[in-house]
Amino acid sequence: MQFSDNQYQIQGLDVLEICQKFDTPLYIYDSSKILDKIATLQKAFQGIRCKFKYAAKALTNLSILQIFKKKGVGLDVVSIQEAQMGILAGYAPHEILFTPNGVAIEEIQEAVKLGLVINIDNISILEQFGSLYGSQVPCCIRFNPHIMAGGNSKISVGHIDSKFGISVLQARHVLRVVKAYDIRINGLHMHTGSDILDAEVFLRGAEIIFDLAKDFQDLEFIDLGSGFKVAYKPGDVITDVEELGQKIGAAFRQFCHQYGKEVELWFEPGKFFVSEAGYFLVNVNVIKQTPATIFAGVNSGFNHLIRPMFYDSYHEIINVSNPQGPLRVYSVVGYICETDTFAADRKLNEVREGDILAFKNAGAYGFMMSSNYNSRFRPAEVLIENGEVRLIRRRETMEDLLRNQIFEKETVPIAESNA
Ligand SMILES: *Cc1c(COP(=O)(O)O)cnc(C)c1O
């Protein structure tokens, strides 16, 4: 979002006009930001056989998936339904890596039927997989290297208490199972969680995986997951992908040399690709001055953007409709009937009732984690592509809320009612 000609614009379009046209609350995605991120990663890892698999759960709208498809980025999915979305968006099943956690063997069987690349994250399922398919269907193994990473305990998945992956300490057990069932292991995987700060942590994980790889002869790829940190506020430390590309690239080349085969290196970022591309636009319903603070109450809540309440995440806020107003301090709150704070003690250009506020970094885990709590409609989503804006998901209606309810209205005789 850029400020020029006295207005906030995305790809040259006036953001306020978009809000008027599509109404708020509204998710707006800027395709050019996604393309930038794809180009940045491709550049950072050029010169090695590298593939990117977009972690679709961050933002699964079909029109967004299509952007990745067109750019040759694969998909990483965590459920059969996400895989089906990917296929609808034009992906071939073999371009989709299926990385679920804790699913039943039946869901894995469905994934095999669809033709996805299978990633298994526990020994029990690996044994069942082996007895079903033997050497017929290859699979990847998700290891947990137990390196500490991640910005928030709810999203760090590499630690010793984590439920994700098979512990590297169980590698010998894995090898026994693989041998007993003659399973063909085509990939090794790790994903240590969001918000890894530096290349060193990645490298440590990578070295552990490279070391394990020596025991597997049929590898086609090594997947180092995600965890690319993005900036949420000015001054945030972000992953230096160029440095990462150089360091990982060098370590990977050396690994391939030792392994005796050119395997592929995969990454599966979600947030990195789409976070900055998304803005969440809301209208200010009410300004409430209390003895302690000034609340700006907006026409949304954690039912639409749960990250601040759930992860304590920081989202920069812009007053789009009063860009020149004097700065004042606000608590921006939602309309949900329990604590529902988007931001506390925020300096914003003076906020008036009817103003439009934009939350930045709303592309990843924004709409996707939205709900109908308080029986509110989920927002519409629009995409700006090639300088044009288009609706990619309609705002919900009463019909959506009632769709699956089974209900027969009782006719109460008038005499018996208290009315
Ligand atoms: C969620 C997830 C990702 C993406 O994580 P980000 O922090 O959004 O980059 C990657 N891989 C797997 C297996 C995931 O579950």
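Owing to the predicted nature of the structure, the values given are computational and were not obtained by experimental measurement. Counting convention: from 1, in listed order, for ligands and their atoms alike.
- Considering backbone and side-chain atoms together, Gly270 places an N or O closer than 3.5 Å to an N or O of ligand 1.
- A salt bridge links Lys37 with Glu276: at least one charged nitrogen is closer than 4.0 Å to a carboxylate oxygen.
- Considering only residues two or more places apart in sequence or on other chains, Glu110 meets the side-chain hydrogen bond (donor to acceptor under 3.5 Å, both in side chains) condition with none of them.
- The aromatic rings of His191 and His189 sit tilted relative to each other, their planes meeting at an angle between 30° and 60°.
- Counting atoms of ligand 1 from 1 in the listed order, those under 4.0 Å from a heavy atom of Lys57 are 1 (C), 2 (C), 3 (C), 14 (C), 15 (O).
- Taking a cutoff of 4.0 Å between a charged side-chain nitrogen and a carboxylate oxygen, Asp36 and Lys33 do not qualify as a salt bridge.
- Within the listing of ligand 1, atoms 3 (C), 4 (C), 10 (C) sit less than 4.0 angstrom from a heavy atom of Ala55.
- A cation-pi arrangement, defined by a distance under 6.0 Å to the six-membered ring centre and an angle within 45 degrees of its axis, is present between Lys69 and Tyr91.
- Neither the backbone nor the side chain of Phe228 has a heavy atom within less than 4.0 Å of ligand 1.
- Close contacts of ligand 1 with Ser226, meaning ligand atoms under 4.0 Å from a residue heavy atom, involve 4 (C), 5 (O), 6 (P), 9 (O), 10 (C).
- Counting only N and O atoms by type, the side chains of Trp266 and Glu268 include no donor and acceptor under 3.5 Å apart.
- Taking any N or O of Thr99, backbone or side chain, none lies under 3.5 Å from an N or O belonging to ligand 1.
- Checked by distance only, ligand 1 and His189 stay at 3.5 Å or farther apart across all their nitrogen or oxygen atoms.
- When heavy-atom distances to ligand 1 are checked against a 4.0 Å cut-off, Lys271 comes that close through both its backbone and its side chain.
- By the criterion of a heavy-atom distance under 4.0 Å, the side chain of Asp76, and not its backbone, is placed next to ligand 1.
- Assignment of Tyr365 to the shell around ligand 1 is supported, since a heavy atom sits closer than 4.0 Å.
- The proximity of Ala58 to ligand 1, defined as any non-hydrogen pair under 4.0 Å, does not occur for either the backbone or the side chain.
- Under the ring-ring contact (aromatic ring centres under 6.0 Å, His included) criterion, no residue pair touches residues 93-117, with sequence neighbours excluded.
- At a threshold of 4.0 Å, the pair Glu316-Lys233 does not count as salt-bridged, since none of the basic side-chain nitrogens sits closer than that to a carboxylate oxygen.
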